[in-house]
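Since the structure comes first, as structure tokens, the remarks are kept for the end.
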Amino acid sequence: MTRLAVSHLSASLGKRQVLDDVSFGVGAGELVGLIGPNGAGKSTLLRSIMGLLRSKGEIRLDGVRAESLGSRGRARKVAYMAQRREVAWAMSVEALVALGRLPHLERLSPMRASDQAAVDRAMQLMDVTAYRQREATALSGGELARVLAARALAQDTPLLLADEPAAGLDPAHQIGLMQTFRTLADEGRSVLVSTHDLGLAARSCTRLILLDRGRLVADGMPEEVLTPETLRAVYGVNAYFGEAEGGMVVLPVGLSAPI
Amino acid sequence: MSEARLYRFTLAGLGLATLVLFCLSLMVGPAGIGFADSLAALVSERGDAVALVMQQIRLPRALLGLMIGITLGLSGAVLQGYLRNPLAEPALIGVSASASLGAVIAIYTGLSALFPLALPLSALAAAGVAVVIVQAMAGAQGSTLTLILAGVAVSSFAAAMTSLALNLSSNPFAALEIIFWMMGSLSDRSMTHVWLALPFMLAGWGALMMLGRALDALTLGGETAASLGIDMRRVQALAIFGTAASVGAATAVAGAIGFVGLVVPHLLRPLAGGRPSRLLPASALGGASVVLAADILVRVLAPGRDLKLGVLTATVGAPFFLWLVWRERRKAA
């Protein structure tokens, strides 16, 4: 069964139509990259799937209509990493990561051993265990990004939506993050991740979805989606294509037409 | 875990402080009554002078101090958490100003002279009207900005109406009474005030205490909280109604007591490890301690002069607020 099925999804921000009749599915074990230029509708798509925006169309999670799950039911199925990284209070990294367990806790009941284990594993995967006692407001941007990723992993859901999670990370942690997503997919989970790093997406994802001005214009294997013609048409760039360590290399090198 | 232990010490310390201050509040007054005598008089059924003083003057005063302190500390912590702003306070949503206006109307029209409960009842009614307006304005979308703007508008209107009442007051005594009432005080309250305020406060506290985990999740922003299964509309409704019921009742029986709801949560936040869910009970106890201590101070500092509680909390609170702003500015720089 398709883990996430999006059909005929349209959404508007104010009077501007941001998503126009988008349909696709994500299966179990898939790591799907969501790409497209600024304003293509990537974040709007992810937020619509989360029910954070009003949208038209249908979203099904494991075959069930998302609206019928209720907010807690949905939170046990999908975790979401927002693009905007926000922490209001100086709480410890461990307490912050533990927030990911909220959908699994009954009212007033404390964390169980299994919850703590999920928190520990998430911190380990994101390489933030060493900061567990530090205040989250005192971290660097990249450190905070990894802590927030750990928060989403602690939610331990079958589906993970991540909105530009790699932005602001150093190269090692970018690759590490995508490898972690790969591991989650190999465990049978599904990950949909938006990014502007075409090279990273090409090397890590099994499938790419390309949005342009609210429409889905390509959906397929990285080498099918990332062609010189599409990059020129959609992004307006010329790119260097190559191969290294058994994977595809895509590097935008110049503008194909004056902006 | 040192953080958890620090928090337990904080709660225990604040609980002890509240208990001690509550007992002290029962001891302080113009009639010098010994410790043992006063405690005995609290439960005495003889109806002599000592029993009367204890049961009908000091006990309601101490109880109201406790209840109002809990209300201000708790609602301040909830609003700061909900709005994710350390400068938020209970008066922000317009309930305090509206309750004051209700009380002023009762004094202005002379209703309060006809029967004493007219004042708090009128204040409660006005607070109710305010919360309906604010909630309707904030609407189903749950926007915090709209909530703040609606609160400012309602507060300004209530303040303007209060000024109008003072302006048009033909009776200087009524005007004086209005001014003194607005300063906020716990003197000359009876058990009737306690019984009037208690149900509203209990309902309000109940609503506010349910918000701990939701406020924890809100630390990461509204959308992430929603993605964690938090129903943001429910959170907003509970925050508004809980604050309105408890703060409305507090203002109705004691007038406006400022800065406690602003300062106490801010001071205690580091001791709660920055977690709103832990801050709620700590701030409730902290608020109770501060209001009880301030109400003891007004009696000790100026016996016989009826120094107003709200004047004292604002006198101490405003410089603290300045320091707070200064520190925030330095942090932002």
Side-chain angles (χ1 to χ4, degrees), chain A residues 43 46-47 49-54 69-111 132-133 135-138 144 147-148 151-152 154-155 157 160-163, chain B residues 1-4 6-7 77 79-88 140-142 144 206 209-235 265-266 268-281 283 327-328 331-332:
Chain A
S43 297
L46 296 178
R47 291 168 70 210
I49 296 170
M50 289 308 299
L52 300 171
L53 284 179
R54 230 178 280 172
L69 285 170
S71 48
R72 265 170 77 86
R74 190 194 293 235
R76 292 200 195 110
K77 287 230 181 254
V78 200
Y80 169 67
M81 287 176 66
Q83 188 176 1
R84 190 156 156 226
R85 293 163 188 162
E86 226 181 314
V87 181
W89 311 115
M91 65 167 69
S92 73
V93 163
E94 183 168 7
L96 196 158
V97 174
L99 291 177
R101 298 308 298 168
L102 281 182
H104 302 278
L105 297 180
E106 295 307 318
R107 181 183 295 281
L108 297 178
S109 67
M111 297 247 294
R132 62 195 310 161
Q133 302 295 344
E135 287 179 356
T137 42
L144 178 62
V147 168
L148 292 176
R151 198 284 304 155
Q155 208 169 327
T157 50
L160 171 65
L161 307 182
D163 200 350
Chain B
M1 271 200 50
S2 66
E3 194 182 281
L6 173 69
Y7 176 63
L79 285 178
Q80 291 186 4
Y82 175 62
L83 299 171
R84 279 169 284 149
N85 189 328
L87 302 182
Q141 296 298 316
T144 54
M209 284 303 287
M210 281 162 70
L211 289 172
R213 278 186 176 163
L215 295 179
D216 280 353
L218 257 173
T219 303
L220 301 176
E223 296 207 328
T224 303
S227 83
L228 281 165
I230 306 295
D231 180 350
M232 292 305 293
R233 279 189 293 185
R234 178 172 169 273
V235 171
H266 197 81
L268 293 176
R269 183 165 292 117
L271 297 174
R275 296 194 215 183
S277 58
R278 288 184 169 179
L279 182 58
L280 299 189
S283 188
R327 212 182 57 159
E328 289 294 320
K331 213 190 282 176

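First the proteins, then the strands, lettered A, B, ... as listed; each starts at 1. The basis for the numbers below is simple: all heavy atoms, side chains too, and nothing from hydrogens, waters or symmetry mates. Just so you know, these numbers come straight off a predicted model, no measurement behind them.
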State, to 0.1 Å, how close B/Ser227 and A/Gln155 come at their nearest heavy-atom pair, and which atoms those are.
O-NE2, 3.6 Å
Greatest number of heavy atom pairs closer than 4.5 Å to chain B - which of A/Arg151, A/Glu135, A/Arg76, A/Met50:
A/Arg151
Work out which heavy atom in B/Gln80 is nearest to a heavy atom in A/Trp89; give both atom names and the distance.
O-CZ2, 3.2 Å
Taking the side chain as everything from C-beta on, heavy atoms only, tell me whether A/Leu99 gets closer than 4.5 Å to B/Asp216.
yes
Chain B contact via A/Leu148 - which portion, at a heavy-atom distance below 4.5 Å:
side chain
Shortest non-hydrogen contact from A/Arg72 toward B/Gly229
CG-O, 3.8 Å
Given a strict heavy-atom distance threshold of 4.5 Å, which part of B/Pro276 is in contact with chain A: side chain, backbone, both, or neither?
side chain
Please give me the minimum heavy-atom distance between B/Leu228 and A/Gly100, naming the atom from each residue.
CD2-CA, 4.0 Å
Nearest heavy atoms of B/Arg213 and A/Glu106, plus distance in Å
NH1-O, 3.0 Å
Can a salt bridge be assigned to the pair A/Arg84 and B/Glu223 using a cut-off of 4.0 Å between side-chain N and carboxylate O?
no
Drop me the distance from A/Glu86's CD to B/Thr224's OG1, to the nearest 0.5 angstrom.
7.0 Å
Give the member of A/Ala75, A/Gly51, A/Gly73, A/Gly70 that has the highest number of heavy-atom pairs under 4.5 Å with chain B.
A/Ala75
